[in-house]
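What follows is one structure encoded as structure tokens, with my remarks underneath.
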Amino acid sequence: MGETSEQTQVWIAVVGVVPREGCELLSANEGAYINFLTLASSEAEYRAKVSGALSYYGLELVEFEDVRPFSLSDGSSQEIVSIAEELERDNNPQHVRYSTFHIFPRVM
């Protein structure tokens, strides 16, 4: 079991979402792009954890963009750097964190 935690690192991607019925984070006529971060040992693990979080929040996945291990050299915002540092410090593999919602109107 210790091997897995040694291989984990913070992963990040831009995730496009739309609300499911009953979602309290977005209205029915909105969608959003959000940076999601979590500890993972692979892209597959990252995608699975984020998909679980989306389900919990009543969000429907539209797309994953630029799934990759987080790096300070990415030039990310202070908000994202702070989230990544917190994930590394707490080392809780269950935490899936998100940053600011960049909301757009949905055209149906």
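None of these values were measured; they are calculated from a predicted model. Throughout, residue positions are numbered sequentially from 1 according to the sequence presented. What you see below is based on every heavy atom in this structure, not just the backbone, and it leaves out hydrogens, waters and symmetry mates.
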The reported gap from OG1 in Thr100 to CG in Asn35 (rounded to nearest 0.5 angstrom) is 8.5 Å
By side chain to side chain donor-acceptor pair (under 3.5 Å) - contacts of His95 (at least two apart) | Asn92
Residues forming a side chain to side chain contact (heavy atoms under 4.5 Å, CB included) with Pro69, sequence neighbours excluded = Gln9, Trp11
Main-chain N/O of Glu45 paired to Arg47 side chain as donor or acceptor, under 3.5 Å = no
Donor-acceptor contacts, no H, no angles, side chain residues 12-25, under 3.5 Å, sequence neighbours left out:
from: Arg20; atom 1: NE; to: Glu60; atom 2: OE1; distance (Å): 2.9

Mind checking side chain to side chain donor-acceptor pair (under 3.5 Å) for Ser51 and listing every partner two or more places apart, or none if nothing turns up?
-> none
Could you go step by step and tell me if Val10 and Thr38 meet the side chain to side chain contact (heavy atoms under 4.5 Å, CB included) rule?
-> CA-CA 5 Å; Val10 176; Thr38 192; over 6 Å; no
Are Leu39 and Leu54 linked, directly or through other ILVMFWY residues, by side chains that come within less than 4.5 angstrom of each other?
-> no
Should Ile103 and Leu61 be regarded as members of a common hydrophobic cluster, given that ILVMFWY residues are connected when their side-chain heavy atoms come within less than 4.5 Å of each other, either directly or indirectly?
-> yes
Contacts table for residues 80-88: side-chain donor-acceptor under 3.5 angstrom, sequence neighbours left out:
from: Ser82; atom 1: OG; to: Gln78; atom 2: O; distance (Å): 3.0
from: Ser82; atom 1: OG; to: Gln78; atom 2: NE2; distance (Å): 3.1
from: Glu86; atom 1: OE1; to: Arg97; atom 2: NH1; distance (Å): 2.9
from: Glu86; atom 1: OE2; to: Arg97; atom 2: NH1; distance (Å): 2.6

For the side chain of Lys49 and the backbone of Pro93, is there at least one donor-acceptor N/O pair under 3.5 Å apart?
-> yes
Using a 4.5 Å cut-off on heavy atoms from C-beta on, say whether the side chain of Val96 contacts that of Tyr56.
-> no
Give a yes or no on whether Val62 and Phe64 share a hydrophobic cluster (residues Ile, Leu, Val, Met, Phe, Trp, Tyr; joining criterion: side-chain heavy atoms under 4.5 Å apart).
-> no
Only pairs at least two apart or in different chains count here, so list each ring pair (Phe, Tyr, Trp, His ring centres under 6.0 Å) that has a residue in residues 19-54.
-> Tyr33-Phe104, Phe36-Tyr98
Is there a donor in the side chain of Ser27 and an acceptor in the side chain of Asn29, or the other way round, less than 3.5 Å apart?
-> yes
Which residues satisfy the side chain to side chain donor-acceptor pair (under 3.5 Å) test with Ser77, sequence neighbours excluded?
-> none
Sequence neighbours excluded, which residues qualify as side chain to side chain donor-acceptor pair (under 3.5 Å) partners of Asp90?
-> none
